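Accompanying notes for the structure given below.
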Amino acid sequence: MKWELVPGGDLALDLTLQSGQAFHWEKTPQGYWVGLIGEIPVRAREDGGRLFVNPGAEKIAAHYFALDHPLEEIYAAFPNDSQSRQALHACRGLRILRQPLWECLATFITSSMKQVAHIRAMSLALRAKFGTPVQGYPQPHVLARSDELSLRACGLGYRAKHLLAVARGVEEGCFDLEGWRTLNTADLRCALVGLPGVGVKVANCVLLFAYERLDAVPIDVWIGRVLLRMRGGRRGTASQLARYAHRRLGPYAGYVQQYLFHVARVSPKIAT
DNA sequence: CGCCAGGGTCTCG
DNA sequence: CGAGACCATGGC
């Protein structure tokens with residue numbers, strides 16, 4: 001099997017693909033990952049922090065895995081508390097992906113009140129039922145011509161209505177996901193929150209994982225617990241927690257959040 | 001069986 | 001504005 005080295009280093013591929021950003025990658029018994037970047041089939045493996053992919057996929061992989069993110073600068077901006085430092089130590093090389101807009105938005109619309117394994121199951125079911133021959137994430141126009149019952153058959157439950165409505169809005173041109181790239185983060189968040197089934201949390205996931213807004217902080221139940229501990233047990237409203245996270249976690253708050261999230265989720269019992 | 005999950009929306013005070 | 005009910009599904 002042929003492999004090409006992708007220039008750039010310091011990538012922890014397992015952590016990156018297991019940290020609840022993208023849900024369709026699969027690790028083979030041979031130890032490499034297979035998946036799709038958009039519609040392009042890609043296999044990838046990591047050795048000593050360096051990324052190797054199938055010939056021809058170097059460019060798209062470098063972009064998707066964000067090998068250009070300045071990790072040392074990001075780490076220098078990490079907050080200096082024990083939780084953040086421990087998370088950094090445990091997750092060094094974990095990168096925030098640059099995902100295609102639609103599939104990121106769609107998968108996180110289906111994510112509400114679901115565990116990571118369930119989100120993966122729904123994503124795979126949608127790809128199998130509606131996807132292209134290579135089972136890329138079904139495009140908006142495909143879902144737009146479907147119906148709520150067919151989406152529910154993929155395990156979406158009440159989320160089916162939201163996904164269908166957003167797919168139809170994108171297809172009709174009401175929701176210009178690509179055009180919204182030029183908006184500043186606050187305006188972009190407002191635009192996303194205007195979509196059915198998209199609240200602040202899902203909007204921040206899409207801001208962070210697809211729109212390259214590395215200061216966006218999705219606050220789910222796990223990060224909520226982390227912030228609760230950071231605040232010494234003091235609770236707060238959603239907007240209070242958001243302000244606190246932004247101030248406390250710094251200019252790359254989204255990166256810090258992802259490291260904290262992964263550590264909390266993988267080893268929930270370890271209290272620091 | 002009860003509890004929980006990378007929540008959003010609507011209603012009521 | 002803030003709290004609570006409700007929404008489906010699957011794993012444990």
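Just so it is clear: chains get the letters A, B, ... in the order the sequence lines come, proteins before strands, and each one is counted from 1. Remember, it's a predicted structure, so these values are computed and weren't measured experimentally.
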Are [X] and [Y] close enough for a salt bridge, meaning some N to O gap below 4.0 Å?
X: A/Asp10; Y: A/Arg50; value: no
X: A/Arg98; Y: A/Glu103; value: no
X: A/Lys27; Y: A/Asp14; value: yes

Nearest-angstrom distance from the residue atom [atom1] of [X] to [atom2] of [N]:
X: A/Leu156; N: B/dG8; atom1: CG; atom2: C1'; value: 15 Å
X: A/His118; N: C/dG10; atom1: NE2; atom2: C1'; value: 4 Å
X: A/Arg120; N: C/dG11; atom1: CZ; atom2: P; value: 14 Å
X: A/Met113; N: B/dG8; atom1: CE; atom2: C1'; value: 11 Å
X: A/Arg189; N: B/dG7; atom1: CZ; atom2: C1'; value: 16 Å
X: A/Leu163; N: B/dG7; atom1: CG; atom2: C1'; value: 15 Å
X: A/Leu94; N: B/dG6; atom1: CG; atom2: C1'; value: 14 Å
X: A/Leu192; N: B/dG6; atom1: CG; atom2: C1'; value: 16 Å

(message) Test your reading of the model: is there a side-chain donor-acceptor pair from A/Glu46 to the backbone of A/Gly49, 3.5 Å cut-off?
(response)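 Pair found, side chain donor or acceptor close to backbone of A/Gly49.
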(message) Looking at A/Ala66, is its backbone amide N or carbonyl O close enough to the side chain of A/Arg95 to form a donor-acceptor pair, meaning the two atoms are under 3.5 Å apart?
(response)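 Yes; judged by distance alone, with no hydrogens or angles, the pair exists.
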Taking any heavy-atom pair under 4.0 Å as a contact, classify [X]: base, sugar-phosphate, or nothing.
X: A/Leu195; answer: sugar-phosphate
X: A/Thr110; answer: nothing
X: A/Ile219; answer: nothing
X: A/Gly197; answer: sugar-phosphate
X: A/Gln21; answer: nothing
X: A/Gln240; answer: nothing

(request) Find which nucleotide of DNA chain B each of A/Lys114 and A/Val193 is nearest to by heavy atoms, and output the residue with the more 5' nucleotide. (result)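 The 5'-side residue here is A/Lys114.
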(message) Quiz question: by atom type and distance under 3.5 Å, do the side chains of A/Glu39 and A/Tyr137 form a donor-acceptor pair?
(response)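 Checked: A/Glu39/A/Tyr137 side chains show no N/O donor-acceptor pair below 3.5 Å.
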Distance check, [atom1] atoms only: [N] and [M], in whole angstrom units.
N: C/dG4; M: B/dC4; atom1: P; answer: 16 Å
N: B/dT11; M: C/dA8; atom1: P; answer: 16 Å
N: B/dG6; M: C/dA5; atom1: P; answer: 23 Å

(request) For C/dC7, take OP1 and OP2 only and decide whether either is under 4.0 Å from a side-chain N or O of A/Arg159. (result)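 No.
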Taking the minimum atom-to-atom distance to the side chain of [X], which one of [options] wins?
X: A/Val221; options: C/dC7, B/dG6, B/dA5; value: B/dA5
X: A/Arg265; options: B/dC4, B/dG6, B/dG8; value: B/dG6
X: A/Arg152; options: B/dC4, C/dA8, B/dG6; value: C/dA8

(message) According to a cutoff of under 5.5 Å between the ring centres and under 30° between the ring planes, does A/Trp222 stack with the base of B/dG6?
(response)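 Not stacked: fails the 5.5 Å / 30° test.
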